[in-house]
Amino acid sequence: MKYLKGSESRMCRFDECVKIVDMKRTKGLCLDVCTRWNATYNTIDSAMRYRSVLNCLVEEDANFKHCPSRDEWNRVERITRFLKPFNNITTLFSRIDYSTTNLYFKGVSQIELLLLEEMESQDSFISNMVEQMKGKFDKYWDCYSVVLACAIVLDPRYKLDYVDFNFKKIEPIEHIAEMKVESIQTTLYKLFLEYECPKPMATTIVSSCVGSSSHTSGAMDDLDDDEDMEDDEFEHYDSGRGAKTKKSQLDLYLEEPRLSKKKNSKLEVLSWWKEIQSVSSVLFNGMRSHEHFDNHCYF
């Protein structure tokens, strides 16, 4: 790429080769930039796009000695295919036109699965590269699942089912996957309790007796007071039982069937919660308070 972009005459020869192989140059040639996430992918992707053109250029330009061999092209193809999901996911995470908090867990877990698969590659170059990447992944994303998983649980198309499904694919030992899911669920309920509006204790207002001719003795007044006190205690006891057995908004949400992913592929989660906030305002407010993760969770 550096050779071709080094002079105008070389680019002219490149354009001539584009015509010879009957292609259209719809995309420019990219140079790798070490400070940009996807620059390496863009560089080799553009090289793969013009593979036949570069092979033709070898015949047309005697000074062009940088064209990869057949084996090198095959390796570049494998690397391009491997890096493409990274490019797609980092591009998705970088968007600013809508909330992406609920997309992190799915994207990052896909990357983890990809790394685990490619670590078993028969190509030592690929496996060694992926092993180093996995080390960095574990260092920076060891605890990614906690808050990000809570966010995807609040996506009505996924909920806890998707977290369970994903952990069972990543973790070969089943009980470890189950422990991770339980940890996510525990954290989710702690968050819910943090944002839940405190409810006042149930109280019973005891009507004061109005003096009348029906109250003929102090003994009758004492009996009525005792009954009122007992009723008050019973009401308090019953309200306490109800609070323990009553299902929370989070319980009800998790028990409801998930929305169809196919029918709701373009669902905006925050908008969905906003529409039902009159019924589930607690969960909506909790998720809205964590929108800052969109700007601070980077890959």
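Note that the structure is predicted; figures quoted are calculated from it, not measured. Heavy-atom basis, side chains included; hydrogens, waters and symmetry copies ignored.
A distance of 10.5 Å separates CG of L29 from CZ of R49, quoted to the nearest 0.5 Å. Here C67 contributes atom SG and E59 contributes atom CD; the two are 9.5 Å apart, rounded to the nearest 0.5 Å. The CG atom of L250 sits 9.5 Å away from the CD atom of E255 when rounded to the nearest 0.5 Å. Atom-to-atom distance recorded for H66:NE2 and L4:CG is 8.5 Å, nearest 0.5 angstrom. In this structure, CG on L154 lies 9.5 Å from CG on L270, to the nearest 0.5 angstrom. To the nearest 0.5 Å, atoms CZ (R13) and CZ (R10) are separated by 8.0 Å.
At least one side-chain heavy atom of E171 sits less than 4.5 Å from a side-chain heavy atom of K180. A 4.5 Å side-chain heavy-atom check between L188 and F192 finds every atom pair outside the cut-off. F137 is listed as a side-chain neighbour of I111, based on a closest heavy-atom distance under 4.5 Å. Taking the side chain as every heavy atom from C-beta outward, R75 and I79 approach each other to under 4.5 Å. I44 has its side chain within reach of L83: a pair of non-hydrogen atoms, C-beta onward, lies under 4.5 Å apart. Between K263 and L259, every side-chain heavy-atom pair lies at or beyond the 4.5 Å cut-off. R81 is listed as a side-chain neighbour of E77, based on a closest heavy-atom distance under 4.5 Å. Under the 4.5 Å side-chain criterion, counting only non-hydrogen atoms from C-beta, E112 is not in contact with V108.
Within 6.0 Å of NZ in K84 there are 12 or fewer heavy atoms belonging to other residues, nucleotides or ligands. Residue E131 places its CD atom among 12 or fewer non-hydrogen atoms of other residues, nucleotides or ligands, all under 6.0 Å distant. Within a 6.0 Å radius of NZ in K27, more than 12 heavy atoms belonging to other residues, nucleotides or ligands are found. More than 12 heavy atoms of other residues, nucleotides or ligands shown are found within 6.0 angstrom of CE on M11.
Side-chain N or O atoms of D45 include none that pairs as donor or acceptor with a backbone N or O of Y41 at under 3.5 Å. For R157 (side chain) and N264 (main-chain N/O), a donor-acceptor pair under 3.5 Å exists by modelled atom type. The backbone N or O of N38 sits less than 3.5 Å from a side-chain atom of N42, completing a donor-acceptor pair. Checked by atom type and distance alone, the side chain of E72 pairs as donor or acceptor with a backbone atom of S69 at under 3.5 Å. When atom types are taken as modelled, the side chain of Y189 and the backbone of I184 share no donor-acceptor pair closer than 3.5 angstrom. At least one donor-acceptor pair closer than 3.5 Å links the side chain of D251 to the backbone N or O of S248. Put simply, the side chain of T187 gets close to the backbone of S183: a donor and an acceptor are under 3.5 Å apart. A donor-acceptor pair is defined here as one N or O able to donate and one able to accept, closer than 3.5 Å; such a pair exists between the side chain of S94 and the backbone of T90.
Linking ILVMFWY residues whenever their side-chain heavy atoms come closer than 4.5 Å, directly or via other members, places V21 and M48 in the same cluster. Criterion: ILVMFWY side-chain heavy atoms under 4.5 Å apart, direct or through other members. Under it, L252 and L193 are not part of a common hydrophobic cluster. Under the 4.5 Å side-chain heavy-atom criterion for grouping Ile, Leu, Val, Met, Phe, Trp and Tyr, M179 is not connected to V153 through any hydrophobic cluster. Both M133 and F125 sit in one connected hydrophobic cluster of ILVMFWY residues. Membership requires side-chain heavy atoms under 4.5 Å apart, directly or through other members. Residues I176 and V146 fall into different hydrophobic clusters, defined by Ile, Leu, Val, Met, Phe, Trp and Tyr side chains chained together at heavy-atom separations under 4.5 Å.
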Step-by-step side-chain contact (heavy atoms from CB on, under 4.5 Å) determination, C150 to L191: CA-CA 9 Å; C150 288; L191 283 172; 4.0 Å; yes

Test side-chain contact (heavy atoms from CB on, under 4.5 Å) on K5 and L31 and set out the steps. CA-CA 9 Å; K5 295 175 75 71; L31 290 178; 3.9 Å; yes

Should Y3 and F64 be marked as a ring pair (Phe, Tyr, Trp, His ring centres under 6.0 Å) after you check the CA-CA gap, both sets of side-chain angles, and the distance that decides it? CA-CA 8 Å; Y3 174 83; F64 180 53; 5.6 Å; yes

What's the verdict on side-chain contact (heavy atoms from CB on, under 4.5 Å) for L57 and Y50, showing C-alpha distance, side-chain angles and the deciding distance? CA-CA 10 Å; L57 188 62; Y50 296 112; over 6 Å; no

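The aromatic ring centroids of F167 and Y162 lie 6.0 Å or more from each other. Between W273 and Y253, the gap from one ring centroid to the other is short of 6.0 Å. Ring pair F165/Y158: centre-to-centre distance not below 6.0 Å.
For the pair K134 and D138, the salt-bridge criterion is met [side-chain N within less than 4.0 Å of a carboxylate O]. One finds no salt bridge joining D155 and K159 here, because no Lys/Arg side-chain nitrogen approaches an Asp/Glu carboxylate oxygen to under 4.0 Å. Look at R78 and D123 and you find a salt bridge, because one of the NZ, NE, NH1 or NH2 atoms lies within 4.0 Å of a carboxylate O, short of that distance.
Looking at N55 and S52, their side chains never bring a donor and an acceptor atom within 3.5 Å of each other. Counting only N and O atoms by type, the side chains of S109 and N166 include a donor and acceptor under 3.5 Å apart. Between the side chains of D32 and T40, at least one donor-acceptor pair of N or O atoms lies under 3.5 Å.
Smallest separation of non-hydrogen atoms from A47 and L54: O-CD1, 4.0 Å. Considering all non-hydrogen atoms of both residues, C17 and C56 come closest at SG-SG, 3.7 Å.
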